[in-house]
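One structure is given here, and the rest of the page talks about it.
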Amino acid sequence: MSIVSRLKPLVVKVLKELYSQDFREDDLTINITKPEFEGDYTLVLFSFVKQFKKSPEQLGKEIGEALLKTEPALFSSFNVIKGFLNLGIGDAYWLYFLQTNYADKRIGLRPANDKTIIVEYSSPNTNKPLHLGHLRNNFLGWSVAEILKTTGHKVIKTCIYNDRGIHICKSMVTWLQFGNGATPDSTGTKGDHFVGDYYVLFGVEHKKQVEVLVADGMSKEEAEKNTPIMLAAQKMLVDWENGDPGVRALWQKMNSWVYEGFNETYKKIGSDFDKNYFESETYLMGKEIVEDGLAKNVFFKKDDGSTWIDLTADGLDEKLVLRKDGTSIYITQDLGLADKKYEQFHYDQSFYIIADEQNYHMKVLKLILQRLKKPYAEGIYHLSYGLVELPTGRMKTREGTVVDADDIIEELKNVAKLKTEELGKVKDFNPGELNELYETIAIGALKFFLLRVDPKKRMVFNPEESIDFHGFTGPFVQYTHARIKSILRKEKPSATHPSTVHSQLLPKEKELLVLLEQYGTVLDQSLEEHNPSVLAIYAFNTAKTFNTFYTEHSVMNAESEEKKQLRLQLSELTSNIIASSMNLLGIKVPERM
RNA sequence: GGUCCGGUAGCUCAGUUGAAUAGAGCAACUGCCUUCUAAGCAGUAGGUCAUUGGUUUGAAUCCAAUCCGGAUCACCA
């Protein structure tokens with residue numbers, strides 16, 4: 001139990017005894033004491049002043065004295081400044097926490113509960129490689145899923161492949177017309193990039209053909225729809241839907257190239273899925289749900305035969321759910337997929353990690369499911385994140401400003417290599433170990449960079465900043481971990497050494513320990529907010545605080561054996577907490593770097 | 001136009017369930033490697049918290065209005 005959750009009931013109890021008034025723990029404001037004041041935690045008194053008609057100074061004195069009397073073992077001192085009651089917590093509390101937790105490698109892990117949560121955190125199109133936007137999505141979803149797992153939830157990670165549709169046909173048609181039978185193997189190109197190149201080529205060809213048509217007198221708008229290559233793609237889509245064997249075979253072949261490429265990238269970035277869904281298998285689902293909803297008058301038909309839902313009562317519009325020709329649209333598929341997932345996993349909650357461009361769409365999805373009185377509707381949760389932009393603005397495929405996932409990882413690996421060679425600290429590593437280290441650092445830098453920002457907010461990805469391994473970065477935290485491990489390789493805390501619980505803590509020791517004690521609270525916050533960035537910030541602060549401690553005090557050459565043991569324990573606890581919090585972000589921490 | 005999100009140091013971001021003198025990192029400048037890893041540490045400098053008004057003992061935080069930026073409102077996905 002964290003210190004704050006221990007303090008609050010005590011204050012409630014004391015207030016009751018002193019003033020015969022009941023307070024809820026939520027009524028209390030207890031913050032960590034600012035460094036410029038004496039004390040560890042601070043109770044803010046202003047809210048009581050009016051109620052009890054006493055001065056803050058007097059209240060503080062009375063409450064402080066009562067607390068000290070009630071728990072003399074916990075509190076060591078108090079002081080009142082203006083409306084703030086600063087409470088000193090005795091070293092014994094912190095030392096007991098250290099003693100009982102330092103060796104826990106799985107610190108933070110909670111007992112299992114009975115909640116099942118399904119997390120959909122990747123939804124790539126199979127016509128082009130993954131880019132920076134996909135990475136934020138993947139890193140975020142993976143991390144949120146791991147946070148849920150470590151706090152005891154059963155989690156199912158899923159991916160939905162958008163593997164059909166006009167965009168896929170564009171790559172296919174272009175490959176048929178211009179590919180001359182080339183394959184990823186024959187060209188030595190990664191499969192997803194290979195297919196993506198034809199998608200780009202489609203755009204180039206299409207543009208050329210538009211110009212020809214316009215020169216022949218067609219309007220630009222008309223021409224856009226009528227280039228030979230566009231018509232071919234549209235025909236291919238119809239053929240695909242009709243199950244044309246040739247088209248299906250081509251589709252399977254090209255998609256398999258893409259999956260091979262995706263799998264390589266997913267493996268590298270550590271994305272894993274318990275269940276894959278494919279749009280080609282789900283795009284017809286949902287029609288039954290619409291039929292059902294029509295019968296229940298949740299939906300209605302217009303004269304042209306199209307099916308709609310009226311969401312104006314909820315401040316939205318009328319929304320189409322089936323086209324007039326009876327074919328389904330995006331939202332229809334999503335209704336079907338939500339149902340399918342529930343059928344398969346009976347989830348309590350269903351998370352969708354999707355960019356905030358789709359806020360409206362996700363609101364509609366949940367609302368429709370609620371109108372349909374689906375048992376799982378309340379559990380639908382859209383974890384909306386902001387787009388990743390470049391310093392020059394939004395990434396645009398057409399302008400070639402999209403940052404490719406594989407490229408950026410490779411670039412960061414190179415930086416890691418150069419930096420590591422320059423420092424020369426791991427000259428004894430074999431090539432395999434070196435490659436692993438470079439990858440650990442590169443992925444760590446990238447994940448930390450994308451996860452350290454509040455997911456809800458738009459963020460700017462500055463390529464120059466991302467290759468900086470100093471300061472508020474993944475490699476900084478990784479480095480601190482390696483530093484600690486270097487000490488612990490020399491000596492581990494002794495299990496037989498007499499207890500350190502009666503030691504005296506120096507300011508830097510205490511500062512670190514107080515921070516380490518907050519790990520559980522931080523984990524709670526990241527869980528409640530579905531926000532990995534609080535863990536990233538915490539891991540950085542912990543590393544920074546350790547480095548300050550490390551510079552000021554020697555562990556191995558401590559003043560006494562007892563001090564050495566205490567610092568070894570502190571070091572081990574720090575490394576465990578850094579490792580745990582970084583692992584929840586999907587970041588590995590090296591033993592040496 | 002309706003709805004939603006954002007505007008904090010030169011840049012990137014914390015802080016937004018109200019609380020003490022608004023914090024980090026980068027960039028700039030000054031120091032510290034015969035001592036457990038200098039991918040580090042210590043320090044200097046840098047702010048009308050978009051603007052105006054309001055509520056409050058107390059506002060970056062809550063309310064209102066305004067300005068600026070973004071997203072969305074398709075028989076696209």
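Bear in mind that the values here come from a model prediction, so they are computed numbers and not experimental data. Naming: A, B, ... by sequence-line order, numbering from 1 per chain.
- Comparing the same atom, P, in B:U61 and in B:G15 gives a spacing of 15 Å after rounding to whole Å.
- Rounded to an integer number of Å, the gap from CG of A:Asp40 to P of B:A20 is 18 Å.
- A cation-pi arrangement, defined by a distance under 6.0 Å to the six-membered ring centre and an angle within 45 degrees of its axis, is absent between A:Lys128 and A:Phe262.
- Taking side-chain N and O atoms only, A:Lys34 has no distance below 4.0 Å to OP1 or OP2 of B:A22.
- Aromatic rings from A:Tyr199 and A:His167 are positioned such that their centres are separated by 6.0 Å or more.
- Distances shorter than 4.0 Å separate some side-chain N or O of A:Ser486 from OP1 or OP2 on B:U37.
- When heavy atoms are screened at a 4.0 angstrom cut-off, A:Met593 is found touching base atoms of the nucleic acid.
- Of the side-chain N and O atoms in A:Asn557, none sit less than 4.0 angstrom from OP1 or OP2 of B:C36.
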Inset, instruction - Could you go through the salt bridge (charged side-chain N to carboxylate O under 4.0 Å, His left out) check for A:Arg164 and A:Glu279 one step at a time? - result: CA-CA 7 Å; A:Arg164 49 131 251 143; A:Glu279 196 197 345; 3.3 Å; yes
Filtered N/O pairs between nucleotides 69-71 of chain B and protein, under 3.5 Å:
from	atom 1	to	atom 2	distance (Å)
B:G69	N2	A:Arg458	NH2	3.4
B:A71	OP1	A:Arg394	NH1	3.0

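- Comparing B:A14, B:A77, B:C75 by their nearest atom to the side chain of A:Asp454 picks out B:A14.
- Judged by ring centres under 5.5 Å apart and planes tilted less than 30 degrees, A:Phe472 fails to stack against the six-membered base ring of B:A24.
- Ring-plane geometry between A:Phe84 and A:Phe46 is classed as perpendicular, the angle between the planes exceeding 60 degrees on a 0 to 90 degree scale with a lower cut at 30.
- The pair A:Lys82-A:Glu57 does not meet the salt-bridge criterion, since no charged nitrogen lies less than 4.0 angstrom from a carboxylate oxygen.
- No hydrogens or angles were tested; on distance alone, nothing pairs the side chain of A:Lys427 with the base of B:U37 as donor and acceptor under 3.5 Å.
- Atom NZ of A:Lys510 has more than 12 neighbouring heavy atoms from other residues, nucleotides or ligands inside a 6.0 Å radius.
- Rounding to whole angstrom units, CZ of residue A:Arg483 and P of B:C36 are separated by 10 Å.
- A donor and an acceptor atom never sit less than 3.5 Å apart when one is taken from the side chain of A:Asn541 and the other from the base of B:A14.
- Taking atom C1' on both nucleotides, B:G43 is separated from B:A60 by 28 Å, rounded to a whole Å.
- Between A:Lys53 and A:Phe48, the closest side-chain pair of non-hydrogen atoms is not below 4.5 Å.
- Comparing the C1' positions of B:C11 and B:A27 gives an interatomic distance of 8 Å, to the nearest angstrom.
- Shown here, B:C33 is classed syn by the O4'-C1'-N9-C4 or O4'-C1'-N1-C2 angle, which is within 90° of 0.
- Contact check for A:Thr29 versus A:Leu43: no side-chain heavy atoms found under the 4.5 Å cut-off.
- For A:Arg136 and A:Phe139, the positive end is not near the middle of the six-membered ring at less than 6.0 Å and at most 45° from its axis.
- In this pair, A:Phe46 lays its aromatic ring flat on the base of B:A19, centres within 5.5 Å and planes under 30 degrees apart.
- Not one side-chain nitrogen or oxygen of A:His470 sits closer than 4.0 Å to the OP1 or OP2 atom of B:C26.
- Atom CZ of A:Phe448 and atom C1' of B:G25 are 10 Å apart (whole Å).
- Annotation: B:U56 and B:U12 have their C1' atoms spaced 34 Å apart (nearest Å).
- Using atom P as the reference point in both B:G70 and B:G46, the two lie 33 Å apart (nearest Å).
- Atom-to-atom, CD1 of A:Ile329 to C1' of B:C76 comes out at 9 Å; the value is rounded to the nearest Å.
- A distance of about 15 Å separates the P atoms of B:A50 and B:A59, rounded to the whole Å.
- For the pair A:Ile537 CD1 and B:G15 P, the computed distance is 6 Å after rounding to whole Å.
- A:Arg323 has a side-chain polar atom (N or O) that falls below the 4.0 Å cut-off from OP1 or OP2 of B:C76.
- By the stacking rule of 5.5 Å between ring centres and under 30° between planes, A:Phe37 stacks on the base of B:A20.
- Here, B:G2 and B:U8 have their P atoms 25 Å apart, quoted to the whole Å.
- A close approach under 4.0 Å does not occur between any side-chain nitrogen or oxygen of A:Lys490 and OP1 or OP2 of B:C36.
- Taking only side-chain nitrogens and oxygens, A:Ser571 never comes nearer than 4.0 Å to OP1 or OP2 of B:C36.
- Taking atom P on both B:A28 and B:G10, the two are 16 Å apart, rounded to the nearest angstrom.
- You'll find a donor-acceptor pair under 3.5 Å spanning the side chain of A:Thr42 and the base of B:A20, going by distance alone.
- We find that NZ of A:Lys456 is positioned 17 Å from P of B:C4, with the value rounded to whole Å.
- Within 6.0 Å of CD in A:Glu559 there are more than 12 heavy atoms belonging to other residues, nucleotides or ligands.
- The phosphate of B:A14 has OP1 or OP2 within less than 4.0 Å of a side-chain N or O from A:Lys457.
- Between A:Phe448 and A:Phe472, the ring planes are perpendicular. Angles over 60° get that label, and only those under 30° would be called parallel.
- B:U35 atom C1' lies 16 Å from atom NE2 of A:His553, rounded to whole Å.
- Results of the side chain to side chain donor-acceptor pair (under 3.5 Å) test with A:Thr126 over A:Asp192, A:Asp163, A:Asn255 single out A:Asn255 as the only residue that passes.
- Note on A:Lys363: nothing from the nucleic acid sits closer than 4.0 angstrom, heavy atoms only.
- Whole-Å rounding puts the A:Leu450 CG to B:U12 C1' distance at 13 Å.
- Where RNA chain B pairs in unbroken runs of 3 or more (Watson-Crick or G-U, both distances under 3.5 Å), the stems are B:1-7 with B:67-73, B:10-13 with B:23-26, B:28-32 with B:40-44, B:50-54 with B:62-66.
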